[in-house]
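Notes follow the structure.
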Amino acid sequence: MTHPNFDFVQARQNMIENQLRPAEVSHVKLIEIMRVLPREYCVLNNQKEMAYSDINISLFDQRYLSEPRVLARLVQLANIEAKQKILVIGAGTGYLSAIISLMGAEVYALEENEKLSVIGKKFCNEYASDVQWCDGILQDGYPKNKFYDAIIIDGCIKEISKKLIDQLNKNGHIITVLKKDGDIGRAVTAKKTDEGIVIQKSFYAALPYLPEFMK
């Protein structure tokens with residue numbers, strides 16, 4: 001139960017100053033969006049006071065709301081520009097998709113978990129109504145609306161499939177966290193080039209595996 005005097009505005013400010021800035025998140029528009037976007041509506045009712053904590057918050061069926069610091073760094077890594085066509089895989093409760101839409105991109109939010117989708121659709125309708133919600137299998141991507149400038153997978157996976165690579169435009173890229181068994185998760189950019197896919201490793205990131213990619 002949320003304490004009636006809990007200050008979510010201050011919690012968002014603390015998230016910016018104590019999590020994002022020390023992690024070198026410097027994208028001005030991204031910071032301003034996260035300063036006002038109410039992340040507390042993307043968790044369960046009894047989790048609202050935890051919404052801005054530096055943890056991955058467990059939701060349903062081994063799915064999580066990614067911690068703010070990692071999520072912001074992934075968005076910054078994606079180098080999103082206005083009007084780009086972006087597919088978010090594992091859209092969950094809508095927070096990441098809303099951020100990217102408010103940055104001016106054309107966002108397709110893909111989710112297969114019905115319980116998460118109910119929350120995500122409501123959140124995006126309220127705070128980022130341009131998000132186009134898509135119901136479907138996460139591993140399949142959303143080829144109906146290919147080709148994408150970027151695909152962002154919100155969660156950890158073991159490998160990037162050719163099926164997803166084929167949905168990128170000529171110079172598109174995939175942003176996600178890769179982790180082999182026994183290793184530490186690493187944020188990566190997988191760029192599509194004329195010579196094939198080039199994977200560039202970035203920061204270490206502790207995100208849970210997306211169970212839909214473990215089937």
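The backbone N or O of Q139 sits nowhere less than 3.5 Å from a side-chain atom of E212 that would complete a donor-acceptor pair. Side chain of Q76 to backbone of S26: a donor-acceptor contact under 3.5 angstrom is found. Formation of a donor-acceptor pair under 3.5 Å by the Q13 side chain with backbone atoms of V9 is not found in this model.
Summarising the local packing, CD of E24 is surrounded by 12 or fewer heavy atoms from other residues, nucleotides or ligands at distances under 6.0 Å.
Under a 4.0 Å N-O distance rule, the pair R35/E32 qualifies as a salt bridge. For E40 and R12, the salt-bridge test passes: some basic side-chain N is under 4.0 Å from an acidic carboxylate O. At a threshold of 4.0 Å, the pair K121-E111 does not count as salt-bridged, since none of the basic side-chain nitrogens sits closer than that to a carboxylate oxygen.
K180 contributes atom NZ, which lies 10.5 Å from atom SG of C156 (distance to the nearest 0.5 angstrom). The distance from the CG atom of L207 to the CD1 atom of I157 is 11.5 Å, given to the nearest 0.5 Å. Rounded to the nearest 0.5 Å, atoms CZ (R63) and CD1 (I57) are 14.5 Å apart. A distance of 5.5 Å separates CD in Q132 from CD in E106, rounded to the nearest 0.5 Å.
When only modelled atom types and interatomic distance are considered, Y209 and Q62 share no side-chain donor-acceptor pair under 3.5 Å. Remark: the S101 side chain and the D130 side chain contain no N/O donor-acceptor pair separated by less than 3.5 Å.
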Quiz item: For N14 and Q10, what are the C-alpha separation, side-chain angles and deciding distance, and is it a side-chain contact (heavy atoms from CB on, under 4.5 Å)?
Solution: CA-CA 6 Å; N14 293 343; Q10 186 60 51; 2.9 Å; yes

Self-check item: Derivation of the side-chain contact (heavy atoms from CB on, under 4.5 Å) call for R21 and I31
Solution: CA-CA 9 Å; R21 293 198 190 280; I31 288 174; 3.8 Å; yes

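With contacts defined as side-chain heavy-atom distances shorter than 4.5 Å, the pair L74/V177 qualifies.
Below 30°, between 30° and 60°, or above 60°: for Y41 and Y127 the angle between ring planes is below 30°, a parallel geometry.
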